[in-house]
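For reference, the structure is listed below as structure tokens.
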Amino acid sequence: MNSTVILPNGREVPSLGLGTWHMGERIGDPTTEALALKRGLDLGATVIDTAEMYARGGAERVVAEAIKGRREEVFIVSKVLPHNASRHGTIRACENSLQRLGIDAIDLYLLHWPGPHPLGDTIEAFHDLKKIGKIKAWGVSNFDTSDMEELWRVPGGADCQTNQILYNLMRRGVEWDLLPWCYKNGVSVMAYSPLEQGRLLNNKKLNSLAKQRNLSPAQIAIAWTLCKKGVISIPKASSIRHVEENIAAWSIKLEKSDLDLLNEEFKPPLKKGMLDIL
Ligand code: NAP
């Protein structure tokens with residue numbers, strides 16, 4: 001298992017981070033959510049993934065609460081919505097995110113998915129934001145192989161640090177050509193929804209393997225993403241109990257027999273399919 005991932009710019013980050021989708025929504029409890037994130041930071045999962053989209057900025061406010069007084073130890077990832085990602089809209093969106101997060105610079109700023117604005121305009125805005133110190137690096141999310149190829153044709157496009165994609169035991173389509181493309185071009189991968197938003201945890205085979213190994217199904221699912229080269233896994237958990245359980249997956253070594261069993265139940269792709277998105 002890789003405990004850190006080195007981004008193309010040389011920055012080393014933990015391979016396990018903390019998701020925040022649905023945090024800061026009215027049904028959630030922002031104080032409990034911030035405490036869960038703090039516990040994650042205490043345990044070394046210092047990558048926090050958020051987005052302007054989540055709870056319309058509410059998740060970024062929860063993050064602000066969680067990182068108070070400890071900015072230096074955290075690596076913050078946030079995202080601009082595609083319809084905001086014009087030349088000027090990207091700058092505005094970033095400034096709004098910075099304000100909600102209560103910080104001066106975002107460590108990694110992503111285009112949430114390919115959208116209506118010319119990619120070149122978004123990339124120019126990312127470069128400007130980098131120049132003025134409002135972001136330290138940028139990347140993309142939900143980009144399929146053809147989108148990455150297009151990005152590589154845009155001036156400055158190869159400065160992209162990561163592609164954040166849906167990747168878990170149930171969603172292995174990216175192994176066909178997108179993951180190999182990212183490895184070949186040195187782009188890191190952030191695996192989102194590693195638990196398939198909890199749906200994966202009902203799988204019978206996964207549960208029996210977990211029982212056999214005296215682990216939880218969530219731990220096996222997270223450990224599986226963590227054994228992939230160059231992958232940062234960002235499960236979301238809004239309780240301290242779930243955070244602790246998930247972070248313990250860092251020290252799990254899946255044996256060949258475990259991986260064979262998982263491959264049998266969750267088959268790798270046999271052909272190219274469309275990139276799955278949640
Ligand atoms: P996920 O991490 O696969 O699953 C989250 C769900 O699993 C929550 O309901 C959580 O419950 C539950 N859970 C967490 N740990 C558990 C455990 N140990 N045992 C049982 N249940 C557990 O789904 P996700 O939130 O969609 O994905 C993770 C993060 O990836 C997001 O939060 C977001 O930051 C990012 N993401 C990015 C995109 C994109 O387009 N770029 C799309 C989706 C997600 P509790 O909250 O109650 O703990």
Side-chain angles (χ1 to χ4, degrees), residues 15-25 27-37 39-40 43 45 47-55 57-60 62-63 66 74-82 85 97 101 106 108-115 138-144 147 161-171 174 178 188-203 206-207 210 215-226 231-250 252 275-278:
S15 58
L16 187 53
L18 307 164
T20 64
W21 196 11
H22 299 304
M23 288 189 180
E25 289 179 357
I27 43 165
D29 171 359
T31 308
T32 310
E33 291 162 348
L35 285 174
L37 292 176
R39 184 69 185 130
L43 295 172
V47 172
I48 297 187
D49 179 75
T50 191
E52 63 168 338
M53 183 186 98
Y54 302 161
E60 290 179 324
V62 173
V63 174
V74 191
F75 186 87
I76 306 246
V77 184
S78 193
K79 314 182 195 78
V80 56
L81 276 166
S97 283
L101 287 161
I106 292 169
L108 184 58
Y109 197 42
L110 312 182
L111 172 59
H112 211 144
W113 61 87
W138 64 269
V140 294
S141 178
N142 297 303
F143 268 45
D144 205 345
D147 302 313
Q161 301 296 307
T162 202
N163 186 10
Q164 185 178 118
I165 50 175
L166 176 59
Y167 185 38
N168 63 45
L169 280 163
M170 285 167 75
R171 311 278 195 160
V174 298
L178 183 54
S188 70
V189 166
M190 295 185 77
Y192 76 68
S193 307
L195 308 177
E196 186 66 16
Q197 301 189 316
R199 292 180 290 275
L200 187 47
L201 309 181
N202 300 321
N203 179 277
L206 182 63
N207 274 275
L215 297 166
S216 75
Q219 288 176 320
I220 302 265
I222 293 168
W224 180 84
T225 57
L226 291 174
V231 170
I232 301 158
S233 186
I234 48 166
K236 174 253 184 182
S238 36
S239 68
I240 288 180
R241 186 171 65 83
H242 279 170
V243 165
E244 289 175 345
E245 185 178 315
N246 296 349
I247 292 178
W250 234 335
I252 295 168
L275 176 64
D276 290 332
I277 288 181
L278 282 182

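In listed order, ligands and their atoms are each counted from 1. Values below: every heavy atom of this structure, side chains too, minus hydrogens, waters and symmetry copies.
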Within reach of ligand 1, part of I277 (heavy-atom separation under 4.0 Å): neither
K236 and D49 ion-paired at < 4.0 Å: no
Which segment of N142 sits under 4.0 Å of ligand 1 when only heavy atoms are counted: side chain
side-chain hydrogen bond (donor to acceptor under 3.5 Å, both in side chains) assessment of W224 paired with S233: CA-CA 10 Å; W224 180 84; S233 186; over 6 Å; no
Heavy-atom gap P194 to ligand 1 smaller than 4.0 Å: yes
Within-shell test, K79 vs ligand 1, heavy atom, strictly < 4.0 Å: yes
Protein contact of atom 39 (C) of ligand 1 - nearest heavy atom, named by residue and atom, plus distance: Y192 CE2, 3.3 Å
Side-chain (N168) to main-chain (T225) donor-acceptor, under 3.5 angstrom: no
Spatial distance of atom NZ (K79) from atom CG (L111) [nearest 0.5 Å]: 11.0 Å
Heavy-atom nearest neighbour in the protein, as seen from atom 35 (C) of ligand 1, with distance rounded to 0.1 Å: D49 OD2, 3.4 Å
Heavy-atom pair with the smallest gap, counting every atom of V174 and L166: CG1-O, 4.1 Å
Numbered atoms and elements of ligand 1 in range of Q164, under 4.0 angstrom, heavy atoms: 35 (C), 36 (N), 37 (C), 38 (C), 39 (C), 41 (N)
Per-residue contact class, A218 against ligand 1 - non-hydrogen pairs under 4.0 Å: side chain
Atom indices of ligand 1, in the order listed, that fall short of 4.0 Å to a heavy atom of P235: 2 (O)
For ligand 1, the portion of S141 having any non-hydrogen atom under 4.0 Å away: side chain
Per atom 24 (P) of ligand 1, closest listed option by heavy atom (P217, S193, G198): S193
Student check: side-chain heavy atoms of D276 and L278 closer than 4.5 Å: no
Nearest protein heavy atom with distance in Å, relative to atom 18 (N) of ligand 1: N246 OD1, 2.8 Å
W113 near ligand 1 by a heavy-atom separation under 4.0 Å: no
Proximal ligand 1 atoms for I234, defined as those under 4.0 Å from one of its heavy atoms: 28 (C), 29 (C), 30 (O), 35 (C)
Part of Q197 within contact of ligand 1 (heavy atoms, under 4.0 Å): both
Centroid separation Y54 to W21 less than 6.0 Å: yes
Under 3.5 Å: N/O of A237 near N/O of ligand 1: no
Contact check, side chains of L101 and T50, non-hydrogen atoms, under 4.5 Å: yes
Chi angles and distances behind the side chain to side chain contact (heavy atoms under 4.5 Å, CB included) call for I252, I220: CA-CA 8 Å; I252 295 168; I220 302 265; 5.7 Å; no
Atom indices of ligand 1 within 4.0 angstrom of H112 heavy atoms, with elements: 39 (C), 40 (O), 41 (N)
Taking atom 48 (O) of ligand 1 as the reference point, the nearest protein heavy atom with its distance: H242 ND1, 2.6 Å
pair T20-V62: side-chain heavy atoms closer than 4.5 Å: no
Part of L200 within contact of ligand 1 (heavy atoms, under 4.0 Å): neither
Intermediate values then yes/no, side-chain hydrogen bond (donor to acceptor under 3.5 Å, both in side chains), E60 and S97: CA-CA 7 Å; E60 290 179 324; S97 283; 2.8 Å; yes
Closest non-hydrogen atom pair, E52 against L81: OE2-N, 2.6 Å
Donor-acceptor contact below 3.5 Å, side chain N142 vs main chain P114: no
Element-labelled atoms of ligand 1 that are located less than 4.0 Å from some non-hydrogen atom of L201: 20 (C), 21 (N)
Gap between atom CE of M170 and atom CG of L206 - 0.5 Å precision: 10.5 Å
Identity and distance of the protein heavy atom lying nearest atom 8 (C) of ligand 1: K236 O, 4.0 Å
Contact check: W21 vs ligand 1, nitrogen or oxygen atoms, below 3.5 angstrom: yes
Taking atom 3 (O) of ligand 1 as the reference point, the nearest protein heavy atom with its distance: L195 N, 2.8 Å
Atom 46 (O) of ligand 1 [closest protein heavy-atom partner, distance rounded to 0.1 Å]: S238 OG, 2.4 Å
